[in-house]
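Step one of this worksheet: look at the structure below.
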There are 4 protein chains.
Amino acid sequence: MRKSPKQERSRQMIDTLIDATERCIIEKGLDFTTTSRIAELANVSVGSLYQYFSSKEELIEALMNKMADDIGVGLKKLPINELSSLRNLVTGAIHFGFTMLNSRNGLYLELARNWYRLPADNVANALQQHFLELSRIYFLKYYREYPIDDLEVRIFIIVNSTIFTMVRLISQNNSMWREKDIENGLIEMILAYLQTNPEPQSHVGIDSR
Amino acid sequence: MRKSPKQERSRQMIDTLIDATERCIIEKGLDFTTTSRIAELANVSVGSLYQYFSSKEELIEALMNKMADDIGVGLKKLPINELSSLRNLVTGAIHFGFTMLNSRNGLYLELARNWYRLPADNVANALQQHFLELSRIYFLKYYREYPIDDLEVRIFIIVNSTIFTMVRLISQNNSMWREKDIENGLIEMILAYLQTNPEPQSHVGIDSR
Amino acid sequence: MRKSPKQERSRQMIDTLIDATERCIIEKGLDFTTTSRIAELANVSVGSLYQYFSSKEELIEALMNKMADDIGVGLKKLPINELSSLRNLVTGAIHFGFTMLNSRNGLYLELARNWYRLPADNVANALQQHFLELSRIYFLKYYREYPIDDLEVRIFIIVNSTIFTMVRLISQNNSMWREKDIENGLIEMILAYLQTNPEPQSHVGIDSR
Amino acid sequence: MRKSPKQERSRQMIDTLIDATERCIIEKGLDFTTTSRIAELANVSVGSLYQYFSSKEELIEALMNKMADDIGVGLKKLPINELSSLRNLVTGAIHFGFTMLNSRNGLYLELARNWYRLPADNVANALQQHFLELSRIYFLKYYREYPIDDLEVRIFIIVNSTIFTMVRLISQNNSMWREKDIENGLIEMILAYLQTNPEPQSHVGIDSR
DNA sequence: AATGAATGAGACTTCATTCAT
DNA sequence: AATGAATGAAGTCTCATTCAT
C-alpha cells in the first residue's frame, strides 16, 4: 500500500527511487540490490524509501511495470508494420530485442536473467500480446485463409526462444559467436517456422520434401 | 591405482552431500537451500560439509557437474541415432528435454530457472556438444555437401530456444497451452530451421515480399 | 475572560487529536498506535500534532487526563449516594466498573491493561478519591464511631482488586466464568471486607482454629 | 521450533540466555529488552540466541514457563497445609506473594505488570490451580457440607485481586501506605470473603443484619 | 576427521520526531 | 500555523563460515 504524497514531489521521489534501483541492479546485480543501497544511491534515507514503497518487493514491482511500459513504448516505435515484408518484420523485432537487452547498461538483461524471481508477467504479456496482434494483422492481411488458431502457441515459442537465446548469448562475455550470426540465425528460424503449415502430420525427414 | 578406503569414504561423503543438496533444492527451492539444511539432510555436520567443499559455491558446482554428467548419460541412452529421420531425431530430443525438466521432482527445472546464478557452463556445453555432434554426423551422412560451418550457431539457438521455452511453459502452472502443443510447435520450428539453407540471401517471405 | 478564537481553535484541535488517539487505540491497540496513524485519523498532519503536543507521551497524558475527567463525571452521575444501603452502593460501583470497561469499544479496558506504561495516576486517584469520600460520608452517617483511619487502605485494596479482576475476566475471551458470577463474587467480597472490624486482632477463622 | 543441541552445553546456554533475559528485564524493563541486548548480557552473539530460540517470543515464553515452575516450587515449599487455620493459610499465601514480587530485583513484578503482552497463562493457571486445590482440601476437611461449587470463582477473584493490588502497591515507589497495612487488609478481605455463604440472595446493607 | 556451537555482518522494516516550505 | 516529506537509530532475524573440542 504505497502512500501517495502530493503530486510533483511524490512522482519525482518515486522516479528517483526506481532510478536508483535500476542503477543498483546494474552496478551490483539483483542479488546485491538492498534497500539501504538503493536509498544511498538515491541520496535519501531508508525511511523515505519506505514512505513511497511499502516493501522492497513493491519497489521492484514498480520497476518491472516501468520496464513493461518502456518496452511497450519501444515496440510501438518500431518502424515495422503490416506493410513490411515478414522478413523485415522479424528482423526489426530481433534487432529491437538485442537493442533492448544491450541498453541501460544491461539492466533489462539482468532482469531477464532473473525473471523467475521477479513479477515479470506484465513484461512477458506486453511482448506476447504485441507480437500476437502484429502477426494476426499481418497474416489476416495477406492470407485471409491462414489458419491462425495456433498463432498464440507460435508466438509464445518464438518470443521465449528469442529472448532467452539472446540473453544467453550476451551473458557469455566471451562472444563465442558474433551477435550478428545469432541474430541472423534467429531470423531464419522464425521465418522458417512461420511459413510452416500448422499441425502437420507428415513425418518428414530432411529429404522428404 | 586402487582407491584407498579413504578416497572411498571421501567419494561417498561427497555423493551424500550432493544428494542432500539436490533434495534440499527440490524441497525448498534454490533460494532456501542453506548449508545447514543440506548438512541436516545429509545427516552430517556443517563442519563436515566444509571439510569436503570449501564453500557453498563449490558444492553447488559439484552438483552442476554431476548434472552435466547425468545429462550426458541420458543423452547417450537416447534411442535416436544418425539412422533416424530428422523428425524422429528432433522429436526424441524434445521429448528428452521435457522428460528431464519434469524428472527428479523438478530439480533440473529449478536449476535451469536459476542458471545465471549457477556455474551452468558444463551443462550447457554437454547439451551443446552432444547435439552438435549428432547433427554433424547426421548431416554428413545424408548431405555431404551440407555447409555445416554455421551448425554451431544453429545448435546454440535451438538448444537455448528449446530449453527456456520449455522452462517457461512448465513454470506457469496455469497451463495456458498444453505441453503437447508446445512440444509439437518446437519440433516444427526446429525442423523448419534445420531445413533452411545457411546464410540465405534470398528473401523468402511467404510470398517473398 | 473570553476565550480568543485562537484558543478556541487550539482547544478544538487538541480534542480532535485526543479523539483520534482513542479511536486508534480502540482499532489497533496501544502497541500499534503510532503518531502517524493518529494524525491520519484526525485528518491532520503529523506536524500539527507536534504543534499541540511536544511528544507522543504528552498526547497520551492528555488522553489519560481526559479519561480521569470522564470517569469523574461518570462517578458523579452514579445513582448511588449515602442514603443507599451499602450493598446497593457496592453493587452500583461494580456495575459502573464493568460498564466502563465494556464501553467505548474497550478503550478503557486497553488502557487499564497497559496502566503501567501510562501516566495513570490521575485516573487511579480519581477513582480512589471518589470512593474514599463516598465511604467516608456513608460510614460517618451510620457509624460515627467507625474508625475510618484505615479506610484509605481498604479503598485502595478494593478499587485495585475490583478493576484488575474485571480486566482479567474480560481479557480472557473464553468466558470461563460468566461476568455475572464474578460481579456477584466481587460484591460479596467487598461487602464482607467492609463489614469487618478494622485492625482486628481476633482470629476469626471459620471456627477460629 | 527450538533446536536441541546436545545435552549439557545446550542446557547451560539456554539457562544463560534466560538468565540474561531476566537481567535485561530487570535493568531495562520489558520494553527495552531486545534480542541484541540479551545476547550482549549473555556474552554471546545474536546468532547464538537464535540457535536456541527461534524467536524473541519463544525466549520470553521459556522465561515465563520457568517463572511458572519457580512459582510452583515456591508454592509447594509454603509451610501452609490443610492443618493450619484459614488465617494462617491466607497469611502465608499473601506473604508469599509479596516475597515473590519483591524478589529477583523486581523481575516478577515487571512481568506481572506486563501480563497482557506475555504468555502468562501458565503462571496464572499455576497459581489458580494451587490455591483452588488447597482450598478444596481445606474446606472438605472441616466443612464437608461447604458448598464449594463457586470456589473457582472465589479463587479467581482472590488471586487476581491480591496480585494486582500488590503489584500496584509496589509500583508506586512512594509508599503511601506501608506494605504491612495492605498485607493485613488483603488478609482480612480474603478471610471475610471466604467465610461468606455462597450465593446470598438477601440484599442487606451494613445494618441489615 | 568430525562435530555443531558460535559468530557477526547485514538484510528488511518501523516510527517518533524534525524541518523546509 | 500547517504540512508531510525526510530522517536514521534501532529492532528482529538469517546464514555462510569458523574453530575449539
Side-chain angles (χ1 to χ4, degrees), chain A residues 3-10 12-13 31-40 42-59, chain B residues 6 9-10 13 31-40 43-60, chain C residues 6 9-10 13 31-40 43-60, chain D residues 3-10 12-13 31-40 42-59:
Chain A
K3 280 193 189 174
S4 304
K6 275 193 206 136
Q7 311 280 40
E8 257 335 295
R9 192 66 194 254
S10 171
Q12 188 181 310
M13 176 64 109
D31 280 337
F32 299 94
T33 293
T34 68
T35 48
S36 33
R37 259 203 269 262
I38 293 170
E40 197 179 7
N43 277 320
V44 142
S45 67
V46 221
S48 285
L49 187 156
Y50 279 90
Q51 206 132 42
Y52 293 89
F53 297 96
S54 68
S55 68
K56 185 187 175 183
E57 208 183 348
E58 199 179 283
L59 173 52
Chain B
K6 201 161 150 187
R9 180 83 187 277
S10 180
M13 175 69 107
D31 280 337
F32 299 97
T33 293
T34 67
T35 49
S36 333
R37 265 203 265 261
I38 293 170
E40 196 180 4
N43 280 321
V44 144
S45 67
V46 223
S48 288
L49 188 157
Y50 276 88
Q51 202 101 42
Y52 293 90
F53 297 97
S54 67
S55 69
K56 187 187 177 184
E57 207 184 346
E58 200 177 280
L59 171 53
I60 295 285
Chain C
K6 202 162 151 188
R9 182 85 187 277
S10 179
M13 176 68 106
D31 280 337
F32 300 97
T33 292
T34 67
T35 49
S36 335
R37 266 204 263 260
I38 293 170
E40 196 180 3
N43 279 320
V44 145
S45 67
V46 223
S48 288
L49 187 156
Y50 277 87
Q51 202 102 43
Y52 292 91
F53 296 97
S54 67
S55 70
K56 187 187 177 184
E57 208 183 346
E58 201 177 277
L59 172 53
I60 296 284
Chain D
K3 280 194 189 175
S4 304
K6 273 193 208 139
Q7 311 276 42
E8 257 336 294
R9 194 64 195 254
S10 172
Q12 188 181 309
M13 176 64 110
D31 280 336
F32 298 94
T33 294
T34 69
T35 49
S36 32
R37 260 203 267 263
I38 292 170
E40 197 179 8
N43 278 320
V44 142
S45 67
V46 221
S48 286
L49 188 158
Y50 280 91
Q51 206 133 42
Y52 292 89
F53 297 96
S54 68
S55 68
K56 185 188 176 183
E57 207 183 350
E58 199 179 284
L59 173 51

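A note on names: the letters A, B, ... follow the listed sequences, proteins ahead of strands, and every chain is numbered from 1.
Heavy-atom nearest nucleotides on DNA chain F were determined for C/Val44 and for D/Phe32, and the one closer to the 5' end corresponds to C/Val44. Comparing B/Asp31 and D/Lys56 against DNA chain F, the residue whose closest nucleotide sits nearer the 5' end is D/Lys56. Comparing A/Glu57 and C/Ser54, the nucleotide of DNA chain E nearest to each residue sits closer to the 5' end for A/Glu57. When each of A/Thr33 and D/Asn43 is assigned the nucleotide of DNA chain E bearing its nearest heavy atom, the one mapping closer to the 5' terminus is D/Asn43.
Nucleotide E/dT21 forms a Watson-Crick or G-U wobble pair with F/dA2, both donor-acceptor distances falling under 3.5 Å. Pair assignment for E/dA9 gives F/dT14, based on Watson-Crick or G-U wobble hydrogen-bonding distances that are each under 3.5 Å.
A straight line from CZ of D/Phe53 to P of F/dT12 spans 15 Å, rounded to a whole angstrom. Remark: P of F/dT12 and CD of D/Glu40 are 13 Å apart, rounded to the nearest angstrom. Atom CD1 of C/Ile60 is separated from atom C1' of E/dA16 by 12 Å (rounded to the nearest Å). When the P atom of F/dT21 is taken as reference, atom CE of D/Met13 falls 14 Å away, rounded to whole Å. With rounding to whole Å, D/Ile38 atom CD1 is found 15 Å from F/dA10 atom C1'. Residue A/Tyr52 contributes atom OH, which lies 8 Å from atom C1' of F/dA6 at whole-angstrom precision. C/Leu49 has its CG atom 17 Å from the P atom of E/dC19, to the nearest Å.
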ask   = Could you go step by step and tell me if B/Ser55 and B/Glu58 meet the side chain to side chain contact (heavy atoms under 4.5 Å, CB included) rule?
value = CA-CA 5 Å; B/Ser55 69; B/Glu58 200 177 280; 3.8 Å; yes
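With values rounded to the nearest 0.5 angstrom, C/Gln51 atom CD is found 8.0 Å from C/Met13 atom CE.
For the residue pair C/Ala39 and C/Leu49, the shortest heavy atom distance occurs at N-CD1, 4.3 Å. Closest non-hydrogen pair, B/Tyr50 versus B/Lys56, comes out as OH-N, 4.2 Å. Taking both residues in full, the closest heavy atoms of B/Ile38 and B/Leu59 are given as CD1-CD2, 3.9 Å, listed atom of the first, atom of the second, then distance.
Phosphate proximity of F/dA10 to D/Arg37: absent, as no side-chain N or O sits under 4.0 Å from OP1 or OP2. Checking the phosphate oxygens (OP1, OP2) of F/dC13, a side-chain nitrogen or oxygen of D/Tyr50 falls inside 4.0 Å. Applying the 4.0 Å criterion to OP1 and OP2 of F/dA16, one finds that B/Thr35 has a side-chain N or O inside that range. The phosphate of F/dT3 (OP1 or OP2) has a side-chain N or O of C/Ser48 nearer than 4.0 angstrom.
Comparing E/dA6, F/dC13, E/dA2 by their closest approach to the side chain of B/Ser45 singles out E/dA2. Of the candidates E/dC15, F/dT17, F/dA2, the closest approach to any side-chain atom of B/Ser55 belongs to F/dT17. The nucleotide whose nearest atom lies closest to any side-chain atom of A/Gln51 is, among F/dA6, F/dT12, E/dA2, F/dA6.
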